[in-house]
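This one's a predicted model, so the numbers in the text were calculated from it and none came from an experiment.
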Amino acid sequence: MSSPSRKRKAISLETKYEILKEIEKGGRPKKEIAANFSILPNTLSTIIKNKDDIIKNYESLNLSPQRKRHRSVSHQNVDDALLEWFKEKRKDNLPLSGPILLQKADELAKKLSDSSFKGNTGWLDRFKNRHGIVCRTINSESGFVDPQITEDWKEKLGHIIKSYQPCDIFNADETGLFYKLLPEKTLQLKGEDCHGGKRSKERLTVMVSSNMDGSEKLKLLVIRKYENPRCFKGVKSLPVTYKSNKKAWMTSCIFAQWLKDLDRKFTREKRKVLLFIDNCAAHPKIENLKSISLKFFPPNTTSKLQLMDQGIIHNLKVKYRHRLINYMLEVRIQIFSLHFL
């Protein structure tokens, strides 16, 4: 009885490069390296044999590090020229699409006198797969942040925070919350129409603040349009600090009052606190604070330096949306139960 054939294992370009670097270090037998990467000794020999091509392809950045097989490319001259053009245009933050790449590939083929080249979606898909090109939503803010400004700030940061304990270093940022907005995706049975009601655009502003070691989260500051909304009738206390504004936005007056109240809180606790905040018109510099030292991020660097934007605010919204869905499900169940009592 013949033994079952062994399933072939494809290895990415990045992994092959790591294997070669491990071999260059020396000190370990090749058999041990092969076992560590879960490959056969003859596979390791093949990788060593193709060492020059692997290093060249990895370090040239012309192929995606996750690519597992390297096949010869037809019309290599067009491929190389288009990739260089693509890199240049993305450095200038120009938005590029598939049709634009195909059009440019045809132009380059004519310039290179490659009359046999025929650009189509299949060739484009292979080109994108070879070089790890993916589609992403443009972040209009982070692309215009001067890297030198952020690097200078990071160098100064150690000196700024050195006299404070992590529990006394705070960061605050506000965000818009469409508090009635339901998810736009759902599970449903095949063949059924997927539709829903009009998407709610009712918004409020939430100020989120926490200290460096995560041991203290300040009470949320919530800003809505109405000073005394009907839903507050009979409510004696709120788990948040509530303010109102005609457009439900943060204003310099609201910010100043919030900061002064926070300063009195830390004064009672006999604490000296460092607070990082965005540099914008709604965040004026407040004088005569007793316990809070206010430090502004450099202008127009929020997307790179604002700590709350590094996943904290996103998690807050995800958890809020989860609770909103659970609340709606509970209400529907209660209504259904009352209907059949």
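Distance check: Asn211 CG to Gln165 CD gives 11.5 Å after rounding to the nearest 0.5 Å. Taken to the nearest 0.5 Å, the CG atom of Leu177 stands 7.5 Å off from the CZ atom of Arg321. Annotation: the span from Lys118 atom NZ to Leu102 atom CG amounts to 13.5 Å, rounded to 0.5 Å. For the atom pair CD (Gln310) and CG (Leu305), the distance works out to 8.5 Å, reported to the nearest 0.5 Å. Going from atom CG of Asp168 over to atom CD1 of Ile161 covers 12.0 Å, rounded to the nearest 0.5 Å. Between Met250 atom CE and Thr205 atom OG1 the span is 7.5 Å, to the nearest 0.5 Å.
The minimum heavy-atom distance linking Leu307 with Ile312 is given by the pair O-CD1, 4.0 Å. For the residue pair Val235 and Ser237, the shortest heavy atom distance occurs at CG1-O, 3.2 Å. Across all their heavy atoms, Met207 and Ala172 have their closest contact at SD-CB, 3.9 Å.
Not a single donor-acceptor pair under 3.5 Å links the side chain of Thr301 to the backbone N or O of Lys304. The main-chain N or O of Met308 is found under 3.5 Å from a side-chain atom of Asn171 such that the two form a donor-acceptor pair. No donor-acceptor pair under 3.5 Å is formed between the side chain of Lys272 and the backbone N or O of Ser293. Using modelled atom types, one side-chain atom of Arg203 and one backbone atom of Ala248 make a donor-acceptor pair closer than 3.5 Å.
Using a cutoff of 4.0 Å between basic side-chain nitrogens and carboxylate oxygens, Glu174 and Lys243 are not scored as salt-bridged. With respect to Glu107 and Lys104, a salt bridge is recorded, a charged nitrogen being found less than 4.0 Å from a carboxylate O.
In this structure the side chain of Leu316 never reaches within 4.5 angstrom of the side chain of Tyr320, judged on heavy atoms. When side chains are defined from C-beta on, Phe117 counts as touching Asp106, because their heavy atoms get closer than 4.5 Å. Using a 4.5 Å cut-off on side-chain heavy atoms (C-beta onward), Asp309 and Ile313 make contact. Looking at heavy atoms from C-beta onward, Tyr164 lies out of side-chain contact with Met212 at the 4.5 angstrom threshold. Under the 4.5 Å side-chain criterion, counting only non-hydrogen atoms from C-beta, Leu220 is in contact with Val208.
Within a 6.0 Å radius of OH in Tyr226, no more than 12 heavy atoms belonging to other residues, nucleotides or ligands are found. Within 6.0 Å of NZ on Lys260 lie no more than 12 heavy atoms contributed by other residues, nucleotides or ligands. Applying the 6.0 Å contact sphere to CD of Glu269 captures more than 12 heavy atoms from other residues, nucleotides or ligands. Around CH2 of Trp85, the count of heavy atoms belonging to other residues, nucleotides or ligands within 6.0 Å exceeds 12.
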key: Working for ring-ring contact (aromatic ring centres under 6.0 Å, His included), residues Phe86 and Phe127   = CA-CA 12 Å; Phe86 176 83; Phe127 173 81; 7.2 Å; no
request  = Walk me through it: do Asp261 and Gln257 pass the test side chain to side chain donor-acceptor pair (under 3.5 Å)?
outcome  = CA-CA 6 Å; Asp261 291 342; Gln257 186 59 54; 2.9 Å; yes
key: From CA spacing to verdict: side chain to side chain donor-acceptor pair (under 3.5 Å), Asp114, Ser116   = CA-CA 6 Å; Asp114 190 345; Ser116 63; 3.0 Å; yes
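Applying the side chain to side chain contact (heavy atoms under 4.5 Å, CB included) test between Lys295 and each of Leu274, Asn279, Ile169, Ile277 identifies Leu274 as the sole match.
Transitive grouping of hydrophobic side chains (ILVMFWY, heavy atoms separated by less than 4.5 Å) brings Phe297 and Ile160 into a common cluster. Note on Phe255: it clusters hydrophobically with Val273, by side-chain heavy-atom contacts below 4.5 Å among ILVMFWY residues.
The aromatic rings of Phe232 and Tyr242 sit perpendicular, their planes meeting at an angle over 60°, well past the 30° parallel limit.
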